[in-house]
Q: 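Below is a structure I'd like to ask you about.
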There are 2 protein chains.
Amino acid sequence: MTDDIDQVLIKALMEDSRRSLKALAGISGLSSPSVAERLRRLEERGVLKGYTVEIDPKCFGYQLQAIVRIRPLPGQLQEVERQIQAIPEFTECDKVTGDDCFIARLHVRSMEQLDTLLDGLNTHAETNTAIVKKTPVKRRLPPME
Amino acid sequence: MTDDIDQVLIKALMEDSRRSLKALAGISGLSSPSVAERLRRLEERGVLKGYTVEIDPKCFGYQLQAIVRIRPLPGQLQEVERQIQAIPEFTECDKVTGDDCFIARLHVRSMEQLDTLLDGLNTHAETNTAIVKKTPVKRRLPPME
DNA sequence: AGCACTTGGTCGATGTCGTCGGTCATGGCA
DNA sequence: TGCCATGACCGACGACATCGACCAAGTGCT
């Protein structure tokens with residue numbers, strides 16, 4: 001299904017998704033048309049979901065990053081989910097099992113902004129906020145084999 | 001510093017980082033050499049930290065995704081951090097303020113694997129695990145302006 | 001066993017794209 | 001005012017992606 005060569009290609013693209021087909025051909029030992037065909041199939045099958053870019057939020061003034069655990073008040077689950085989606089400063093959010101219904105990542109420019117945003121949520125939910133001090137593991141791929 | 005055109009470029013690359021310079025030129029209204037120069041500067045300044053790829057972990061058998069809060073036992077902070085980094089199934093980890101020292105994302109193939117991995121950690125830390133049921137907000141950019 | 005079909009690859013021609021040098025307009029600033 | 005730095009454009013050339021034709025290996029059917 002996904003063989004060694006596909007994994008080499010995925011790994012190479014993970015490192016730099018703007019690599020040319022020719023460069024990928026060199027890395028994988030195939031010709032560039034073959035690489036193009038493999039990428040097409042990986043996309044088609046949904047293994048490769050997209051090509052994207054990593055940016056530094058600090059460059060846009062987002063000095064603070066927080067992980068927020070969110071527990072909606074009774075009957076407010078839908079409303080809270082909608083609110084989170086509507087606040088663009090929430091850059092990711094998972095709905096999880098356990099007492100906390102949502103765990104979300106929040107980027108803000110200041111403590112004041114953090115306070116303001118969470119106050120908005122607090123009419124419909126309890127929140128628990130942890131400020132990110134450091135990121136010991138940057139986003140990476142789980143092992144493939 | 002970063003003007004409107006840079007933001008258009010970043011947004012376009014966020015959607016598809018394999019777009020050609022020519023395509024980016026069309027989107028931004030510049031010529032392709034100008035786009036190349038802007039990208040070069042954005043990289044140089046660290047705004048654009050890299051071009052990467054989104055893959056579907058399910059395609060590699062990772063059926064379960066969990067958010068794990070980790071509180072090292074007294075004196076075990078360094079050791080726990082090292083352990084997390086060494087376990088490739090942890091695909092991201094933040095060191096945060098509050099009772100929980102680390103919040104990490106874990107991809108596993110089964111409940112058994114989840115149990116095994118956390119048992120390894122539990123000799124040095126208390127953990128609190130929430131299984132991801134759904135992802136209401138996929139990774140996205142905070143507002144830029 | 002032999003044949004046809006499918007799958008996944010190479011090769012080479014062709015057109016598109018990126019890059020580089022040269023040039024020009026604009027906006028501080030001495 | 002005149003100079004320099006910045007950031008853009010243009011055009012030519014070399015690099016790259018794409019497409020069709022072809023080939024080899026594995027599979028299943030008669």
Side-chain angles (χ1 to χ4, degrees), chain A residues 1-63 109 139 141-145, chain B residues 1-63 109 139 141-145:
Chain A
M1 193 99 208
T2 46
D3 63 5
D4 296 349
I5 294 180
D6 283 339
Q7 286 174 37
V8 167
L9 292 176
I10 290 171
K11 197 147 161 286
L13 285 172
M14 187 87 187
E15 285 165 13
D16 178 6
S17 64
R18 281 184 72 78
R19 274 201 240 257
S20 67
L21 292 182
K22 199 187 181 192
L24 294 170
I27 293 168
S28 62
L30 298 180
S31 63
S32 24
S34 303
V35 172
E37 176 62 13
R38 274 174 181 267
L39 293 190
R40 201 193 55 70
R41 267 158 29 214
L42 285 170
E43 291 166 19
E44 193 180 61
R45 284 165 38 208
V47 179
L48 271 174
K49 292 204 292 184
Y51 306 94
T52 184
V53 82
E54 258 180 275
I55 68 147
D56 184 359
K58 285 212 191 81
C59 293
F60 296 98
Y62 293 98
Q63 299 294 341
R109 297 178 200 271
R139 205 168 66 93
L141 280 184
M144 304 178 284
E145 83 282 340
Chain B
M1 193 103 209
T2 45
D3 62 4
D4 296 349
I5 293 180
D6 283 339
Q7 286 173 35
V8 167
L9 292 176
I10 290 172
K11 197 148 162 285
L13 285 172
M14 187 89 185
E15 285 165 11
D16 178 7
S17 63
R18 281 185 73 77
R19 276 201 238 255
S20 68
L21 292 183
K22 200 184 180 195
L24 294 170
I27 292 168
S28 62
L30 298 181
S31 64
S32 24
S34 304
V35 172
E37 177 60 13
R38 275 176 181 264
L39 293 190
R40 200 194 54 71
R41 268 159 30 216
L42 285 170
E43 291 166 19
E44 192 180 62
R45 284 166 39 210
V47 179
L48 270 173
K49 293 204 293 185
Y51 305 94
T52 182
V53 83
E54 259 181 274
I55 70 145
D56 184 358
K58 286 212 190 83
C59 292
F60 295 98
Y62 293 97
Q63 299 294 341
R109 298 176 198 272
R139 204 167 66 95
L141 280 184
M144 304 178 286
E145 82 274 346

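Order of the sequence lines sets the chain letters (A, B, ...), proteins ahead of strands, with each chain counted from 1. None of the values given here were measured: they were computed from a predicted structure.
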Q: Can I27(A) and V35(A) be said to form a side-chain contact (heavy atoms from CB on, under 4.5 Å), step by step?
A: CA-CA 10 Å; I27(A) 293 168; V35(A) 172; over 6 Å; no
Q: I5(B) CD1 to dA8(D) P: how many Å, rounded?
A: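 One finds 7 Å between P of dA8(D) and CD1 of I5(B), rounded.
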Q: Would you call R40(A)-E37(A) a salt bridge at under 4.0 Å N-O?
A: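 Salt bridge: yes.
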Q: Base, sugar-phosphate, or nothing: which does S34(A) touch, judged by heavy atoms less than 4.0 Å apart?
A: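 S34(A): base contact, heavy atoms under 4.0 Å.
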Q: Please step through side-chain contact (heavy atoms from CB on, under 4.5 Å) for the pair R18(B) and L21(A), ending with a clear verdict.
A: CA-CA 11 Å; R18(B) 281 185 73 77; L21(A) 292 182; 3.8 Å; yes
Q: Can you tell me the distance, in whole Å, between the CG atom of L39(A) and the P atom of dG9(C)?
A: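 One finds 11 Å between P of dG9(C) and CG of L39(A), rounded.
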Q: What's the CZ-C1' distance between R18(A) and dG18(C), to the nearest Å?
A: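 About 10 Å, once rounded to whole Å.
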Q: Say whether, by atom type as modelled, one donor and one acceptor occur between the side chain of R19(A) and the main chain of L13(A) under 3.5 angstrom.
A: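 No, because the side chain of R19(A) does not come within donor-acceptor range (under 3.5 Å) of the backbone of L13(A).
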Q: Near DNA chain D, counting only heavy atoms under 4.0 Å, which residues of residues 21-33 of chain A show up?
A: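 Heavy-atom contacts with DNA chain D come from L21(A), K22(A), P33(A).
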Q: Determine, stepwise, if the pair I55(B) / F60(B) fulfils side-chain contact (heavy atoms from CB on, under 4.5 Å).
A: CA-CA 10 Å; I55(B) 70 145; F60(B) 295 98; 3.7 Å; yes
Q: Of R19(B) and E37(A), whose closest DNA chain C nucleotide lies nearer the 5' terminus?
A: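 This one resolves to E37(A).
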Q: Do side-chain atoms of Y51(A) reach the backbone of Y51(B) as a donor and acceptor pair under 3.5 angstrom?
A: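 No, the answer is negative, given that no donor and acceptor are paired below the 3.5 Å cut-off.
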Q: Would you kindly give the CG-to-C1' distance between D3(B) and dT6(D), to the nearest whole Å?
A: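 Atom-to-atom, D3(B) to dT6(D), this comes out as 13 Å.
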Q: To the nearest Å, how far apart are E44(B) CD and dT6(D) P?
A: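 Those two atoms, CD and P, are 12 Å apart.
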Q: Can you check the R41(B) CZ to dT6(D) P distance for me, whole Å?
A: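 So the two atoms are 10 Å apart, to the nearest Å.
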Q: R40(B) CZ to dG18(C) C1': how many Å, rounded?
A: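 Distance, rounded to whole Å: 15 Å.
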